[in-house]
Amino acid sequence: MPFGHDMVHSLATVVELVNTSPATGGEEGLPGLAELQAFVESREVSGVSELTARDLTQVRAVREAFHRVFTAPDQPTAVHTLNSLLSSTRITPRLTEHDGHPLHVHYFAADSSLAEHLAADCGVALALLLVEGEGERLRTCSAPDCDHVFVDESRNRSRVYCDSRTCGNRMHVAAYRARRRA
Ligand SMILES: [Zn+2]
Ligand SMILES: [Zn+2]
């Protein structure tokens, strides 16, 4: 994909966030503040102050909005859903080189809450993806027992499983066994 490192990072963050939702087929991945803190650290979300129960509630709400973008039945629905999220988010582009990262743009306002930070940076990344006409890369896993989302970064947009090492492998093994039985 012709997207820069920041965009790839933001897209990976939104995928990881959405996949903590019980709506994607598993347990609640953000049951408490410890898990939210672990998410912030693993995704290197910068400038986050001490987290509260309010952050957890807000992040889960933003997560569900992003999930609706991934599962939108068509582009107008995805656009509408994303626009309503963006319209309630302060967005202030700002160049930065923090923590040894090369010059990149932050979209979240300097005093953003964690939820607003994620809504701004991940929201802009998804908006740019739609603008590039790449919205169909936003996918849900085809394995029958998995509804994880992913961004298909393959050249020919052919990826159907959230993770080739887990779901992809599992489904290949199942298909192989089914063929052997047949
Ligand atoms: Zn940054
Ligand atoms: Zn999967």
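The structure displayed is predicted, hence computed values, not measured ones. Note that ligands are numbered from 1 as they come in the structure, with each ligand's atoms numbered from 1 the same way.
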**Request:** Applying side-chain hydrogen bond (donor to acceptor under 3.5 Å, both in side chains) between His104 and each of His98, His9, Glu97, report the one that passes.
**Result:**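 Going through His98, His9, Glu97 one by one, the side-chain hydrogen bond (donor to acceptor under 3.5 Å, both in side chains) with His104 is satisfied by His98 alone.
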**Item:** Residue and atom, protein N/O/S, under 2.8 Å of the Zn ion (ligand 2)
**Value:**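 Protein N/O/S atoms under 2.8 Å of the Zn ion (ligand 2): Cys141 SG, Cys146 SG, Cys162 SG, Cys167 SG.
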**Message:** Membership question, hydrophobic clusters at under 4.5 Å side-chain separation (ILVMFWY): are Val124 and Leu95 in the same one?
**Reply:**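 Yes; tracing contacts between hydrophobic side chains, which count when under 4.5 Å, links both residues.
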**Message:** Same cluster or not: Leu33 versus Val45, using hydrophobic residues (I, L, V, M, F, W, Y) connected whenever any side-chain heavy atoms lie under 4.5 Å apart?
**Reply:**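 Result: yes, single cluster for both.
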**Request:** Enter the distance from Phe108:CZ to Ile91:CD1 here, rounded to the nearest 0.5 Å.
**Result:**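 The CD1 atom of Ile91 is 12.0 Å from CZ of Phe108, to the nearest 0.5 Å.
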**Message:** Tell me if the NE2 atom of His101 is crowded by more than 12 foreign heavy atoms within 6.0 Å.
**Reply:**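 Result for NE2/His101: enclosed.
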**Request:** Answer whether the closest heavy-atom distance between the side chains of Arg137 and Arg159 falls below 4.5 Å.
**Result:**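 No, every pair of side-chain atoms sits at 4.5 Å or beyond.
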**Prompt:** Taking the Zn ion (ligand 1) as the center, what protein N, O or S atoms are found at less than 2.8 Å?
**Reply:**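 Protein N, O or S atoms closer than 2.8 Å to the Zn ion (ligand 1): His98 NE2, His104 NE2, His106 NE2.
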**Side-chain ion pair, Glu134 and Arg157, N-O less than 4.0 Å** =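 Yes, this pair counts.
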**Request:** Would you sort out whether Glu28 and Arg60 count as a salt bridge (charged side-chain N to carboxylate O under 4.0 Å, His left out), showing the intermediate values?
**Result:** CA-CA 10 Å; Glu28 171 58 74; Arg60 285 183 186 158; 3.7 Å; yes
**Request:** Dump the intermediate steps for side chain to side chain donor-acceptor pair (under 3.5 Å) on Thr81 and Arg68, then the final yes or no.
**Result:** CA-CA 7 Å; Thr81 307; Arg68 287 195 294 278; 5.4 Å; no
